[in-house]
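Take a look at the structure below.
Atoms within each ligand, like the ligands themselves, are counted from 1 in listed order.
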Amino acid sequence: MNRKLGFIGLGNMGLPMSINLLKANNEVYGFDTNVEAVELFTEAGGIGLASAKDVAMQCDVIMTSLPTPQIVEMVYLSKEGIIHHAKKGALLIDFSTVNPDLNDSLHKEASTLGLRYLGAPVSGGVIGAVNATLTIMVGGDKDDYDSASEIFGIVGKKIYHLGLSSSVGTRLKLLNNLMIGFYTEAVAETIVLGEKMGIDTDTLYEVLSNSYGQSRIYERNYEEYIKNNNYTPGFSTNLLLKDLKLAKGMADEAGVSLRIGEKLVDLYSEIAQQGYGDNDMSAAYLSLKDTCKIKQL
Ligand code: NAD
């Protein structure tokens with residue numbers, strides 16, 4: 001690709017995604033407020049810059065993978081933000097999970113200034129980011145989608161252009177994460193109760209993996225985290241909580257009552273307050289053990 005690529009937000013997802021762009025022989029300019037993240041990026045061959053503004057000024061395609069809608073809004077719209085410093089015609093791709101209204105307002109603002117914008121949240125976790133097997137849920141103009149397809153093909157595997165509205169991918173992504181919220185707590189409750197019944201956790205996993213109780217989240221949470229007693233995120237409880245709040249906001253606007261979904265917001269708030277906010281979401285299992293005062297594995 002002879003376009004200069006920029007990547008802002010080199011965290012659990014953004015770092016491996018940007019490294020895959022580097023491995024595909026692209027020139028990639030990056031920025032993160034965390035110096036260590038920038039170091040890892042430059043060690044992999046990326047060019048670290050001092051601010052989001054610098055990335056915007058240098059690059060033809062500017063990608064973001066940032067934690068919260070508030071941060072995304074600041075990085076795009078503040079005085080030093082991307083939108084005010086990107087070159088005319090630049091393509092902005094937001095991989096973050098935000099609220100749908102934010103995608104729409106960024107798209108509108110970008111268009112007014114002669115920039116192009118796609119809302120492109122991803123699913124597949126850190127493993128998917130590392131292995132370039134992410135599912136990407138894209139909303140925005142077809143021409144812009146087409147001009148990003150090479151990039152999407154490098155960082156992901158299943159790419160969906162879901163419509164011309166830049167928020168349509170986010171709406172779908174929030175539905176995905178609503179289910180993740182259910183399953184993560186289901187996994188925690190099932191394993192803790194199974195242990196209490198004297199059932200070996202590996203046996204439980206093996207049998208349920210061959211039964212309808214199985215889910216991709218059981219596989220992820222058990223195989224990658226619970227089994228190894230390692231809760232370094234992955235996808236943190238705080239990020240899941242953010243997405244469940246966003247899903248609830250979407251449901252409220254649509255007049256849909258999420259009978260259990262809204263309880264999940266309270267549940268993961270409690271789990272975060274117990275001290276598991278920065279742990280991987282699979283720590284719901286540890287939280288339940290705390291609540292039941294059961295000794296850890
Ligand atoms: P993360 O917290 O690991 O990474 C975010 C990065 O953004 C951090 O390195 C942080 O230092 C950086 N950052 C924060 N403020 C910044 C700013 N103002 N300017 C530049 N950089 C800044 O989060 P993550 O897990 O990589 O998630 C990123 C996004 O992707 C989130 O919206 C999340 O919901 C979504 N997501 C995450 C996963 C996952 O499994 N982790 C999966 C799918 C989608």
Side-chain angles (χ1 to χ4, degrees), residues 6-20 29-41 46 48-56 62-82 85 93-100 102-103 106 119-138 155-158 169-170 172-181 183-184 216-217 220-221 224-225 231-247 268 277-283:
F7 212 112
I8 301 167
L10 305 165
N12 287 325
M13 298 298 284
L15 182 68
M17 289 168 81
S18 60
I19 289 177
N20 284 330
Y29 295 76
F31 170 68
D32 195 295
T33 42
N34 176 355
V35 180
E36 283 168 28
V38 179
E39 270 169 22
L40 292 171
F41 172 70
L49 295 179
S51 67
K53 177 180 166 183
D54 290 337
V55 175
I62 301 144
M63 292 162 266
T64 44
S65 175
L66 295 160
T68 64
Q70 293 75 16
I71 292 175
V72 169
E73 190 168 355
M74 186 188 75
V75 169
Y76 276 77
L77 293 180
S78 70
K79 222 170 120 220
E80 300 292 290
I82 301 169
H85 299 281
I93 305 173
D94 191 9
F95 291 119
S96 325
T97 309
V98 297
N99 49 313
L102 182 58
N103 291 127
L106 292 178
V122 302
S123 182
V126 175
I127 285 201
V130 171
N131 295 337
T133 53
L134 292 171
T135 296
I136 312 182
M137 307 169 207
V138 190
V155 297
K157 187 169 169 199
K158 289 278 180 195
T170 296
L172 224 144
K173 163 74 186 174
L174 292 178
L175 297 175
N176 178 64
N177 283 24
L178 176 61
M179 289 194 125
I180 289 178
Y183 291 137
T184 288
R216 297 270 302 279
I217 287 295
R220 173 202 184 278
N221 288 4
E224 291 178 46
Y225 299 93
Y231 296 90
T232 308
F235 185 56
S236 69
T237 302
N238 283 335
L239 287 181
L240 176 60
L241 176 58
K242 171 213 41 154
D243 291 349
L244 290 169
K245 285 180 180 166
L246 294 174
Y268 287 99
D278 290 327
N279 288 120
D280 187 75
M281 64 179 177
S282 51

Open item on the list: I'd like to check which ligand 1 atoms, numbered from 1 as shown, lie under 4.0 Å from a non-hydrogen atom of Ser96.
Closed with: 32 (O)
Task: Mode of Ile71 contact toward ligand 1 - side chain, backbone, both, neither (heavy atoms, under 4.0 Å) - done: side chain
Task: For atom 7 (O) of ligand 1, the protein heavy atom that lies nearest, with its residue and separation - done: Pro67 CD, 3.5 Å
- [ ] Among all protein heavy atoms, pick out the one at the shortest distance from atom 3 (O) of ligand 1; state its residue, atom name and that distance to 0.1 Å.
- [x] Asn12 N, 2.9 Å
Open item on the list: Among Leu239, Thr97, Val98, which one puts a heavy atom closest to atom 35 (C) of ligand 1?
Closed with: Thr97
Task: Residue Lys173 vicinity, atoms of ligand 1 by number, heavy atom under 4.0 Å - done: 43 (C), 44 (C)
Task: From CG (Asp243) to CZ (Phe235), nearest 0.5 Å - done: 4.5 Å
TODO: Please round to the nearest 0.5 Å and tell me the distance separating atom CG of Asp280 and atom CG of Leu239.
DONE: 10.0 Å
Task: For atom 42 (C) of ligand 1, closest protein heavy-atom neighbour - done: Met13 CE, 3.6 Å
Open item on the list: Within the 4.0 Å heavy-atom shell around Ile8, which atoms of ligand 1 are there?
Closed with: 20 (C)
Task: Identity and separation of the nearest protein heavy atom to atom 31 (C) of ligand 1 - done: Leu66 O, 3.3 Å
TODO: Please confirm whether the backbone N or O of Gly181 pairs with a side-chain atom of Tyr268, one donor and one acceptor, at under 3.5 Å?
DONE: yes
Open item on the list: Considering non-hydrogen atoms of the protein only, which is the closest contact for atom 8 (C) of ligand 1, and what is the distance?
Closed with: Asp32 OD2, 3.5 Å
Task: For atom 4 (O) of ligand 1, the protein heavy atom that lies nearest, with its residue and separation - done: Gly11 CA, 3.3 Å
- [ ] Just need the protein heavy atom nearest to atom 30 (O) of ligand 1, so name the residue and atom and give the distance.
- [x] Ser65 OG, 3.9 Å
- [ ] Mark up the atoms of ligand 1 that fall under 4.0 Å of a heavy atom belonging to Met74, in ascending order.
- [x] 18 (N)
TODO: Would you mind running through ligand 1 and noting each atom that sits below 4.0 Å from a heavy atom of Phe31?
DONE: 19 (N), 20 (C)
Task: Donor on one side chain, acceptor on other, Asn177 and Thr97, under 3.5 Å - done: no
TODO: May I ask you to identify the nearest protein heavy atom to atom 16 (C) of ligand 1, giving residue, atom name and distance to one decimal place in Å?
DONE: Thr33 OG1, 3.4 Å
Task: Contact atoms of ligand 1, heavy-atom distance to Lys242 under 4.0 Å - done: 31 (C), 32 (O), 33 (C), 34 (O)
Task: Numbering as shown, the atoms of ligand 1 that approach Val75 to under 4.0 Å (heavy-atom distance) - done: 17 (C), 18 (N), 19 (N)
